[in-house]
Amino acid sequence: MINSKRPHMITTIPGPKAQVLLKLRERYVPKGVSLNIPTFINQGQGALVEDVDGNILLDFAGGIGVQNIGYSHPEIIEVIKSQAEKYLHSSINVISYDSYIYLAEKMDQIIPGDSQKKTMFANSGAESVENAIKIARRYTKKTDIIAFEGAFHGRTLLTMSLTSKVKPYKYGFTPLVGGIHKVPYAYCYRCEYGLKQENCGIQCAEKLEQILETVLDPEDVAALIMEPIQGEGGFVVPPDEFVSRVKKICEKNNILFIADEIQTGFCRTGKMFASDYWSIEPDIVTTAKSLAAGLPLSAVTARKEIMEAPQAGGIGGTFSGNPLACAAAIKVIEVMLKEDFAGKAQKIGEICMKRFMEMKEKYSLIGDVRGKGAMVAIELVKDRMTKKPAKEETEKILNEAYQKGLILLSAGMFGNVIRILVPLVVTEEQLNSGMDILEEAIKICQ
Ligand SMILES: Cc1ncc(COP(=O)(O)O)c(C=O)c1O
């Protein structure tokens, strides 16, 4: 139990116990496994984390968008414990277990669209994207993939090839996978065409059409993969028409539309999935992160005929769809629906947006405020006219914030976006105290 409802710091970070562990981490763990906050967790509850030195921090990062349901949700802990007493693993390929099936049934119910769907489970977001691409290729018998500039789909060889940012994700790890084509995303704050959203005619969708007429043969393209709202790329929310237009372009050209809902899923945006905003039925949906409350689990869900394309044994893996994780995920979905987590996310989003807009009035460092539901962010710039990214200031704010008890993460192609991925169980008082800390940090660092 954490004995406080608010952040409470008793040492600077890292405290004495964290310093000892950091030395060990440095000795045994490579720097490629990066670290944002130099301390170690002792326990987590709701939206709060206690570190090994007894500091209580408010978590606006949620383990990179994994804790939508909150740390240590009692109903989730209960099902994990009861599953752990029965068995931890048998492999779905060897002897089946019911939680895998019941979870697949739940995915059929919650993934956007009325078609009958099937689901396979994997262990990480990247693994689900890898499988989605394999399934798309097998179904369409085509090879190439379209991905977006600014996208993030993972760190494996295929998924880093789909990913946009070179440093740190691709730097020195080439050659990349071939047959992947990058097209512009609708990043309106930094429009590729220098247009204003009100009258841009969704030029980036036009560009995609053009590419498919002049540069790429749709006969070669198996799928287009898209985050309905870009996560790692800086919480970039495209105009409504963009997503629907892209989906239509895919339909017209016989290209499968893969919605990567790994960061946007499970109520983060104020709906169960971001795709729900545009009433589109993606051909394939990838999910992970908050699906199993922190246990490693991801999923690929698609129409029955697409999922049936791969031959037996062609997809899956030893640990895929672990029973503990499946049991937790069933409960996550039940709780999210029962307790209206989508509504909670909308409320959180309203509070954050209001606070951010007020901050934007006061601090010229804030160039843009954007988001949907509880997926909200600010983009920091050195100058509002030139929009020069304020990367160093962003880092300073993050450091200042954790010393005051707030865990934050950056994002964006230029590392100048502060994103909110707070557990959706955060109380209004906690949320406002987090916003106070963030504002204080901005004031000091601008
Ligand atoms: C949209 C998106 N896709 C894929 C991934 C990769 O997931 P994982 O880190 O679990 O492999 C992420 C992770 O941040 C993500 O945000």
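When a ligand or atom number is given, it counts from 1 through the structure's own listing order. Keep in mind the model is a prediction, meaning the values are calculated, not measured. Just the heavy atoms: all of them, side chains too, but no hydrogens, waters or symmetry mates, feed the values below.
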Fill in: N416 side, atom CG; I418 side, atom CD1 - distance, nearest 0.5 Å
9.5 Å

Worksheet item: Distance from D276 atom CG to I110 atom CD1, nearest 0.5 Å?
Response: 9.5 Å

At what distance is the nearest protein heavy atom to [atom], and which residue and atom is it?
atom                    : result
atom 9 (O) of ligand 1  : R155 NH1, 4.7 Å
atom 14 (O) of ligand 1 : K289 NZ, 2.9 Å
atom 3 (N) of ligand 1  : D260 OD2, 2.7 Å
atom 8 (P) of ligand 1  : G125 N, 3.5 Å

Worksheet item: Which class fits the ring pair Y97 and Y100: parallel under 30°, tilted 30 to 60°, perpendicular over 60°?
Response: perpendicular

Proximal ligand 1 atoms for [X], defined as those under 4.0 Å from one of its heavy atoms:
X    : answer
E227 : 1 (C)
A126 : 6 (C), 7 (O), 8 (P), 11 (O)
Q263 : 14 (O), 16 (O)

Worksheet item: Will you find, in the side chains of S244 and E241, an N or O donor that is under 3.5 Å from an N or O acceptor?
Response: no

Discussion item. Under 3.5 Å, is there a donor on one side chain and an acceptor on the other for S275 and E261?
Written reply: yes

Item to complete: Under the ring-ring contact (aromatic ring centres under 6.0 Å, His included) rule, collect the residues that match up with Y277, sequence neighbours excluded.
Response: none

Practice prompt. Answer yes or no: does an N/O atom from I64 fall short of 3.5 Å to an N/O atom of ligand 1?
Written response: no

Item to complete: Decide, yes or no, whether a salt bridge links E78 with K331 under the criterion of side-chain N to carboxylate O below 4.0 Å.
Response: no

Discussion item. Strictly inside 4.0 angstrom of atom 11 (O) of ligand 1, do you find any protein heavy atom?
Written reply: yes

